[in-house]
Amino acid sequence: MQPRIVIADDHPLFRGALAHAVARVWPGAAVFEASSAAEARAALQAGGAECLLLDLHMADSSGLSVLMDLRQDYPALPIVIVSASEEPRVAAAAAQLGAAGFIPKSASLDAIREGLAAVQGGDAWFAEGHAGEDDDLARIASLTPAQRRILAGIRQGLLNKQIAYELSISEATVKAHITAILRKLGVGSRTQAVLVAAKLDVDQPVAEPAQA
DNA sequence: AGTGAACGCTTTATGGCCGT
DNA sequence: ACGGCCATAAAGCGTTCACT
């Protein structure tokens, strides 16, 4: 059967390069290009895929939380992270969260092919070779989808009441989830939870301060 | 796992009282 | 009038328990 490969990257040129590499590794593969996380999801929903090549920052996605969400929704799908970052800790974080591989955008076409071939063969492939495991990321990964939504609200600086309104649930429920989140993350307050969760932004440029 | 109510704790805001 | 102090109220946070 013809393999389906989804490439999610918001740079058309790089998508093209990846598609080229994919064609070498999966001859005859049907390549679906997506320029946003939403498009990638649509492609996956339409017919699944043998592999997803995922850029971590696109217009509608930021950081490793996209990876985490997709891992949750498609546990069996090998996801190869394609990142502008070279940092070993990014690769390590991706590995921790269940990525099948990590390819820096600076990698040569040969290196990209090598990586994809490894993943196709069922092996993990990380260009930088990953550093030690990060307990915090493992903890974050253990959060349920509801808990993650609430953590996202906390990270935005929202009050429990505001988070409850956004998610259309009661404030009491938000508090209950937060208790579970704090326990899973091993921290004592929402502010500490925010600091732990900041590790998900490992692939992000430093955020601009909000306009006053 | 998700939800919500009841409860206690801490912090912040408010208002009254006092001595200077 | 003023600054300092204390009691009270209100808001927000987090825990526990019970129900679905």
Side-chain angles (χ1 to χ4, degrees), chain A residues 6 8 34 36-52 54 56-81 90 92-101 124 130 132-204 206-212:
Chain A
V6 177
S36 70
E39 284 180 28
R41 280 183 175 281
L44 291 174
Q45 201 143 21
E50 268 60 57
C51 184
L52 166 65
L54 177 68
L56 285 186
H57 44 265
M58 296 180 288
D60 62 343
S61 66
S62 64
L64 291 161
S65 43
V66 203
L67 168 62
M68 214 163 58
D69 289 341
L70 286 167
R71 286 287 301 158
Q72 176 102 27
D73 296 340
Y74 303 93
L77 171 69
I79 299 177
V80 176
I81 297 303
V90 179
Q96 187 78 28
L97 293 174
H130 50 282
E133 295 197 345
D134 189 320
D135 288 346
D136 288 339
L137 286 168
R139 292 192 183 104
I140 293 170
S142 75
L143 297 179
T144 66
Q147 290 165 357
R148 245 180 278 154
R149 281 194 296 274
I150 284 169
L151 180 57
I154 295 173
R155 295 188 66 197
Q156 291 170 40
L158 301 180
L159 301 176
N160 289 343
K161 195 182 297 182
Q162 294 173 305
I163 296 171
Y165 177 80
E166 296 284 339
L167 300 181
S168 301
I169 56 180
S170 83
E171 185 180 356
T173 303
V174 172
K175 291 177 179 182
H177 280 307
I178 289 176
T179 295
I181 291 168
L182 299 184
R183 190 158 47 226
K184 280 187 178 179
L185 297 187
V187 298
S189 73
R190 64 206 285 124
T191 38
Q192 288 179 299
V194 168
L195 293 177
V196 171
K199 297 205 172 190
L200 287 177
D201 291 337
V202 73
D203 198 36
Q204 288 299 296
V206 177
E208 292 292 328
Q211 286 290 338

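Chain naming here is simple, since letters A, B, ... match the order of the sequence lines and numbering starts at 1 in each. All heavy atoms count here, side chains included; hydrogens, waters and symmetry mates do not.
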Return the value, rounded to whole Å, for the distance between atom [atom1] of [X] and atom [atom2] of [N].
X        : N      : atom1 : atom2 : result
A:Ile178 : B:dG2  : CD1   : C1'   : 14 Å
A:Leu185 : C:dG14 : CG    : C1'   : 15 Å
A:Leu182 : C:dG14 : CG    : P     : 6 Å
A:Asn160 : B:dT10 : CG    : P     : 18 Å
A:Arg190 : B:dT11 : CZ    : C1'   : 14 Å
A:Lys184 : C:dG14 : NZ    : P     : 17 Å
A:His177 : B:dA1  : NE2   : P     : 10 Å
A:Ile181 : B:dA1  : CD1   : P     : 12 Å

Which heavy atom of A:Gly186 sits nearest a heavy atom of A:Arg139, and at what distance? N-CD, 4.4 Å
Tell me which nucleotide among [options] gets nearest to the side chain of [X].
X        : options               : value
A:Ala172 : B:dG2, B:dA5, B:dT3   : B:dA5
A:Gln147 : C:dT16, B:dG2, B:dA5  : B:dG2
A:Leu159 : B:dG2, C:dC13, C:dG14 : C:dC13
A:Thr179 : C:dT16, B:dG2, C:dC13 : C:dT16

Using the side chain to side chain contact (heavy atoms under 4.5 Å, CB included) rule, pick out the option among A:Leu97, A:Leu77, A:Leu44 that qualifies with A:Leu70. A:Leu44
Under 4.0 Å from OP1 or OP2 of B:dG2: is there any side-chain N or O of A:Thr173 that close? no
Give a yes/no on whether any side-chain N or O of A:Lys161 is located under 4.0 angstrom from OP1 or OP2 of C:dA11. no
Describe the nucleic acid contact of A:Ala176 in one word from base, sugar-phosphate, nothing, applying a heavy-atom distance below 4.0 Å. base
Which residue lies more 5' along DNA chain B, comparing A:Glu171 with A:Lys175 via nearest heavy atoms: A:Glu171
Kindly indicate whether the side chain of A:Gln162, heavy atoms from C-beta on, has any atom under 4.5 Å from the side chain of A:Gln156. no
What I'd like to find out is whether the side chain of A:Val174 reaches to under 4.5 Å of the side chain of A:Leu167, using heavy atoms alone. no
Take a 6.0 Å sphere around OH of A:Tyr74 and say whether it holds more than 12 heavy atoms from other residues, nucleotides or ligands. yes
